[in-house]
Amino acid sequence: MNHPVSLRRFRWWPFVGVAVLLATVIAADGRSRRVQYFPMIAINGGAVTAFLLHNPGKRAIRVHLRLWAPSGAELVADQVSLGPRETRRVEYPGDTGKATGGWAQLTSDRPFLATELILAGPSPWIGVSAASPLRRFKIFGMVARADGLQTGLALTNPSPSKSADVRVVLYDMAGKEVRRMTLELPPLANTSG
């Protein structure tokens, strides 16, 4: 099966004392859309995910926000009304328990703009843009495993009914294949590492 997945690249900086997520946009283009995916969230355990929502239109809209755990279990279902050209920040904190990762889907019947902000530990807010579901994609980047850095990927299957098979092939600087793996993402599931 070849179904869309949303993708985000991130790094862990363990020397800060708490993992800091540096999210890099892979497939964002800044256009307003009716459906937007954010393949990485962090709530609970002191982590906070916030969304900055903007209605660029002349009519009021309602944005539906759904946050999902990596297993596909729904964590939050919410909606926010925005007046014409209004911008609003919506936060999903969690002061108790262990930090929970996952992903988010934002929808509206009219186009809107959104960006995500993550606060994990004592770090400053980290901005994240929406990612587009893709059937085939390549990522060019450097894998860091030294100096306290670790590079990883976050993959999300936004389909509510179909699993997604993801083939990952890693190459070294000379173009030699160093690792190959296949992941099956169940419906609404997310994985990172």
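The first residue in the sequence is number 1, and the count goes up from there. The figures here come from the full heavy-atom set of this structure, side chains too, leaving out hydrogens, waters and symmetry mates. Note that the structure is a prediction, hence the values are computed from the model and not measured.
At least one side-chain heavy atom of Glu184 sits under 4.5 Å from a side-chain heavy atom of Ser163. Here the side chains of Ile43 and Val48 are not in contact, with every heavy-atom distance at 4.5 Å or above. Using a 4.5 Å heavy-atom threshold, the side chains of Phe51 and Leu117 count as separate. Using a 4.5 Å heavy-atom threshold, the side chains of Leu53 and Leu106 count as touching. Side-chain contact between Pro111 and Arg33 is absent, with no heavy-atom pair separated by less than 4.5 Å.
The OG1 atom of Thr87 sits 4.5 Å away from atom NE2 of His54, with the distance rounded to the nearest 0.5 Å. Note: Leu65 CG to Glu116 CD = 10.5 Å, rounded to the nearest 0.5 Å. Rounded to the nearest 0.5 angstrom, Glu74 CD and Leu67 CG are separated by 9.0 Å. A distance of 10.0 Å separates CG in Asp109 from CZ in Arg59, rounded to the nearest 0.5 Å.
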Listing, residues 75-86 side-chain donor-acceptor contacts under 3.5 Å, not counting sequence neighbours, or none:
residue : atom : partner : partner atom : Å
Asp78   : OD2  : Tyr92   : OH           : 2.6
Gln79   : OE1  : His64   : ND1          : 3.4
Ser81   : OG   : Arg62   : NE           : 3.4
Glu86   : OE1  : Gly83   : N            : 2.6
Glu86   : OE2  : Arg88   : NH2          : 2.8

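Listed by chain and residue number, Val169, Arg180, Thr182 satisfy the side chain to side chain contact (heavy atoms under 4.5 Å, CB included) test with Arg167 (two or more places apart in sequence, or in another chain). Scored by the side chain to side chain donor-acceptor pair (under 3.5 Å) test, Asn190 finds Thr156 as partners (sequence neighbours excluded). Checked against side chain to side chain donor-acceptor pair (under 3.5 Å), Thr107 has no partners two or more places apart in sequence or in another chain. Under the rule for a side chain to side chain donor-acceptor pair (under 3.5 Å), Arg110 has no partner lying at least two apart in sequence or in another chain.
With Thr49 contributing its side chain and Ala42 its backbone, the two residues share a donor-acceptor pair below 3.5 Å. Remark: side-chain polar atoms of Arg89 are not paired, donor with acceptor, to backbone N or O of Leu52 under 3.5 angstrom. Here the side chain of Gln36 pairs a donor or acceptor atom with the backbone of Phe112 at under 3.5 angstrom. Between the side chain of Asn157 and the backbone N or O of Pro186, at least one donor-acceptor pair lies under 3.5 Å.
Using the six-membered ring where Trp is involved, Trp103 and Trp68 have ring planes that are parallel, under 30° apart on the 30 and 60° scheme.
The two residues Ile118 and Met40 have their closest heavy-atom pair at CD1-O, 3.8 Å.
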